[in-house]
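For reference, the structure is listed below as structure tokens.
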Amino acid sequence: MVSATNGTAAPPGPPPGPPPTKENPYLAHLSPAERAIGGADASSSSSSSSDALTGFLPRRVTSKQVLAALEAPMNPFTSTPKPYSQKYRDILAKRKTLPVFAQVDDFLQKFQENQILVMIGETGSGKTTQIPQFVAYSDLPHMKRGPDGAPMLIACTQPRRVAAMSVAKRVAEEMDVSLGQEVGYTIRFEDATSKPHTFLKYMTDGMLLREAMHDKMLSRYSTIILDEAHERTLATDILMGLLKPLCAKRPDLKIVVMSATLEAEKFQKYFNSAPLLKVPGRTFPVETFYTPEPEPDYLEAAIRTVLMIHQAEDEGDILLFLTGEEEIEDACRKIRAGADELAATSPEICGPLKVVPLYSSLPPQQQQKIFDAAPARLSPDGPPGRKVVISTNIAETSLTIDGIVYVVDPGFSKQKVYNPRIRVESLLVSPISKASAQQRMGRAGRTRPGKCFRLYTEKDFVNELIESSYPEILRSNLANTVLELKKLGVDNLVRFDYMDAPAPETIMRALELLNYLAAFDDNGNLTPLGEIMAEFPLDPCLAKMLICSSDLGCSNEILSITAMLSVPNVFLRPNAQRQQADTAKAAFAHPDGDHLTLLNVYHAYKTNCYDKDSASNWCWQNYLSLRALQQADNVRQQLSRTMEKFDLDLVSNQFEGNERRYYENISRAITCGFFMQVAHKSGAGKSASYTTIKDNQIVAPHPSTTLDHSPEFLLYNEFVLTTRNFIRTVLEVRPEWLLEYAPSYYAPEAFKDDGEVKRIMQGISRKLKGGASSGNGSGREREKKKARKG
DNA sequence: GAGATTCAC
């Protein structure tokens with residue numbers, strides 16, 4: 001039994017767990033009544049519901065037993081006995097044809113004999129729906145009780161909310177139970193589970209990570225299944241790093257890591273050579289074509305290829321992958337023009353072509369169009385119509401379009417990159433990985449055999465494309481993650497067992513920031529403030545600003561601003577109506593900065609939108625995104641609950657007759673969180689420019705700003721690297737506040753170079769020291785006037 | 001005087 005902790009070759013035998021008792025070593029964790037499943041006590045009223053599970057020994061279940069139980073008359077998973085419905089049997093017949101079903105035996109054996117199991121299940125294998133059910137027969141979580149008296153749980157994590165919801169719904173149907181009872185899901189803003197009944201829970205990976213913050217042992221879970229692990233989201237990576245050592249402390253906990261395609265070896269190796277189970281997929285063959293020579297202009301080549309397919313290939317829809325909104329809209333226009341020309345010149349060969357763009361910021365109504373049928377042929381014996389969807393990589397994983405037969409893959413996507421030196425995340429058009437290329441190709445073979453046209457050479461595919469995309473953890477600012485890890489009890493962040501360790505500089509940058517924000521003390525330990533900050537689903541700067549706002553009497557306002565900053569841009573600016581949109585925005589503009597403008601918008605939204613109709617009308621008239629505003633409202637509610645939990649008062653300062661003060665306190669609170677993101681003006685008049693403090697990057701306020709002047713100090717929410725260095729969502733701040741709320745960061749000694757900012761800070765701190773002896777307020781007031789002149 | 005790749009708490 002020595003190897004039980006590391007998931008390697010645990011010999012067949014009693015599973016690790018509670019100490020054995022006389023009657024049945026495997027049921028010791030059950031209450032006496034529950035132990036009777038073996039058949040000894042048949043008099044209890046609930047026994048009939050358990051008939052199907054008679055003879056089941058937890059984690060020593062055979063495929064024969066499972067297959068028999070699936071055919072039983074009564075559902076053994078419901079709390080009161082219930083006969084299976086006809087629908088259940090119909091679905092069961094279909095389930096049995098899934099590739100995973102052929103491997104129940106293999107799965108159960110490997111699962112039961114090992115603590116950790118790695119599974120490769122290709123698309124269409126049925127792994128996401130079936131494996132958790134197989135685990136349920138083995139774990140019997142509904143008959144065990146966790147530390148809080150509720151049933152034990154099987155978790156299956158997903159990177160996306162929609163997947164968690166839709167799979168849970170499907171599995172509830174398959175098990176003939178109601179969604180939210182025995183089978184449920186948990187995603188942000190929505191918990192469709194029932195504590196006394198749920199034993200199988202689908203959830204987003206981020207949600208399980210949040211739960212781990214409050215229960216480090218994850219003691220309610222008997223098995224955790226990490227699905228889509230190959231996507232390597234930040235949350236999945238952190239979860240893997242937490243679960244690996246947890247296995248030693250929880251010998252009864254089992255882990256299944258499910259992944260598509262390659263890289264299984266990497267997962268196996270990481271989890272101490274865990275065994276591997278391969279399940280074939282069920283897709284149609286896709287023939288792949290490469291270009292003989294590299295294409296100098298992929299956009300032009302893509303358009304040409306789509307039109308070529310339209311002329312020369314059999315009926316079937318096309319999916320083209322491009323990198324972004326602008327490129328997609330551009331390609332749509334050009335392909336429409338090309339198709340019109342073809343239809344005019346050779347109507348006997350080319351039928352009608354419907355061109356549909358797809359990207360995430362498109363309103364849902366427009367996104368639905370990807371599911372429309374291809375246009376009909378113009379005459380009964382004319383050439384068939386065709387649909388072409390031009391999409392970002394949203395169609396690679398998040399959205400599946402049935403009926404695609406041809407995929408055109410230029411080999412590029414926009415990817416996030418992080419530069420820790422200047423603490424900036426930016427987007428870069430980069431070559432995709434082999435794994436992405438495979439994924440794109442697979443989209444052609446979902447309903448029948450297809451073709452994939454890669455607009456690069458085979459040689460480039462083999463030699464130039466990396467195997468898999470870099471995991472998110474290597475491409476992100478980790479401030480938030482580092483805070484979370486500390487809260488999760490990870491002491492040494494550098495020695496944490498990452499599957500791929502981030503650059504030390506990225507971690508150092510995060511630690512530094514958290515130390516300046518006073519979330520970490522100088523020894524790198526979490527402060528009481530840091531403990532609270534970690535509870536907010538926010539970036540550390542936002543969390544700090546929100547927490548500070550209570551003392552400044554403006555938490556209601558900062559709460560609204562935080563929510564607005566946490567959702568996509570609320571301002572719409574359709575190409576054809578830019579001017580009208582800008583005029584509409586001007587009505588909300590606050591001259592001192594965009595944060596205050598956002599506050600105006602939120603207030604206006606709340607006063608003008610009291611029902612569905614008023615909301616959509618008002619937003620439409622004001623060029624605002626209703627979707628984003630509703631989301632902001634949702635976020636605001638969630639944050640206010642966290643505020644209450646920590647007794648952070650929700651308060652406002654008086655506005656009437658006190659406007660200047662009202663806004664000043666809001667600006668001060670924002671400064672508490674964002675003092676590290678401030679730029680200083682150099683030069684004057686039209687030649688004025690801004691330089692970020694300490695990082696010394698030359699930046700310009702983003703043209704979308706509502707600021708109407710050029711203050712000496714400008715705080716920014718975001719640094720964006722596009723055509724130039726822009727700072728977006730900016731706010732005028734006073735240098736005295738900087739020194740007041742971040743004395744160590746702005747102490748004159750903390751500046752390496754002698755610059756103007758250092759001199760200003762020297763001046764202020766001298767005055768403050770002088771003023772301290774002569775009282776408080778008046779000295780500071782004089783200081784402000786002085787600073788404004790300078 | 002610009003321009004969002006996608007998810008997640």
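Every value quoted in this text rests on a predicted model; they were computed, and no experiment measured them. Values below: all heavy atoms of this structure, side chains included; hydrogens, waters and symmetry mates excluded. A, B, ... follow the sequence lines: proteins, then strands. Residue 1 opens every chain.
Nucleic acid contact class of Thr323(A) (heavy atoms, under 4.0 Å, all strands): sugar-phosphate only. Arg188(A) comes within 4.0 angstrom of a base, heavy atoms only. At the heavy-atom level, Asn569(A) lies under 4.0 Å from base atoms of the strands shown. Here Ile187(A) lies in heavy-atom contact (under 4.0 Å) with sugar-phosphate atoms only. As judged by a 4.0 angstrom heavy-atom cut-off over every strand, Thr392(A) is placed among residues touching the sugar-phosphate backbone only. Using a 4.0 Å heavy-atom criterion, one finds that Arg232(A) contacts no nucleic acid atom at all. Within 4.0 Å (heavy atoms only), Phe189(A) reaches no atom of the nucleic acid at all. Base engagement by Arg573(A) is indicated by at least one non-hydrogen atom pair under 4.0 Å involving a base atom.
If you look at Phe412(A) and Tyr298(A), their ring centroids are closer than 6.0 Å.
Between Arg578(A) and dG1(B), a side-chain N or O to OP1/OP2 separation shorter than 4.0 Å is absent. Checking the phosphate oxygens (OP1, OP2) of dT5(B), no side-chain nitrogen or oxygen of Ser360(A) falls inside 4.0 Å.
Put simply, NZ on Lys414(A) and CG on Leu428(A) are 10.0 Å apart, with the number rounded to the nearest 0.5 Å.
Cation-pi contact between Arg475(A) and Tyr470(A): absent, since separation from the ring centre below 6.0 Å together with deviation from the ring axis within 45° is not met. Both the sub-6.0 Å distance and the 45° axial angle are satisfied by Arg454(A) relative to the ring of Phe461(A). Remark: Lys201(A) fails to qualify as a cation-pi partner of Tyr185(A) under the 6.0 Å distance and 45° angle criteria applied to the six-membered ring.
Glu425(A) has its CD atom 16 Å from the P atom of dC7(B), to the nearest Å. Here the C1' atom of nucleotide dA8(B) and the CZ atom of Arg475(A) are 14 Å apart, to the nearest Å. Rounded to whole Å, atom P of dA4(B) lies 14 Å from atom CD of Glu329(A). When rounded to the nearest whole Å, the span between CZ of Arg641(A) and P of dC9(B) equals 14 Å. Rounded to whole angstrom, the span from the CG atom of Asp191(A) across to the C1' atom of dC9(B) amounts to 14 Å. Between the C1' atom of dT5(B) and the CD atom of Glu472(A) lies a distance of 11 Å, rounded to the nearest Å. When rounded to the nearest whole Å, the span between CG of Asn480(A) and P of dC9(B) equals 13 Å. Distance, Lys585(A) NZ to dA2(B) C1': 11 Å, rounded to whole Å.
Residue-to-nucleotide proximity on DNA chain B shows that, of Phe726(A) and Ser361(A), the 5′-proximal contact is made by Phe726(A). When each of Thr186(A) and Leu358(A) is assigned the nucleotide of DNA chain B bearing its nearest heavy atom, the one mapping closer to the 5' terminus is Leu358(A).
Side-chain proximity of Glu325(A) to the nucleotides dG1(B), dT5(B), dC9(B) is greatest for dT5(B). Side-chain proximity of Asn393(A) to dA2(B), dT5(B), dC9(B): nearest is dT5(B). Among the nucleotides dC9(B), dT5(B), dA4(B), the one closest to the side chain of Arg161(A) is dC9(B). Proximity note for Ile394(A) (side chain, C-beta onward) versus dT6(B), dA2(B), dA8(B): the nearest is dT6(B). With dT5(B), dC7(B), dA8(B) as the choices, the nucleotide that has an atom nearest any side-chain atom of Leu427(A) turns out to be dT5(B). Nearest to the side-chain atoms of Tyr359(A) among the listed nucleotides dA4(B), dT6(B), dC9(B) stands dT6(B).
In this structure, Arg336(A) has no salt bridge (Lys or Arg N to Asp or Glu O under 4.0 Å) partners at least two apart in sequence or on a different chain. Shown here are the side chain to side chain donor-acceptor pair (under 3.5 Å) partners of Gln637(A), two or more places apart in sequence or in another chain: there are none.
Interface remark: the Arg724(A) side chain does not form any donor-acceptor pair with the dA2(B) base, using a distance-only criterion of under 3.5 Å.
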Dot-bracket encoding of pairs in DNA chain B, which uses [ ] for pseudoknotted crossings and | for another strand, Watson-Crick or G-U under 3.5 angstrom:
.........
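In the displayed structure, Ile698(A) atom CD1 is contacted under 6.0 Å by at most 12 heavy atoms of other residues, nucleotides or ligands.
Looking only at distances, a side-chain donor or acceptor of Thr597(A) sits under 3.5 Å from a matching main-chain atom of His590(A).
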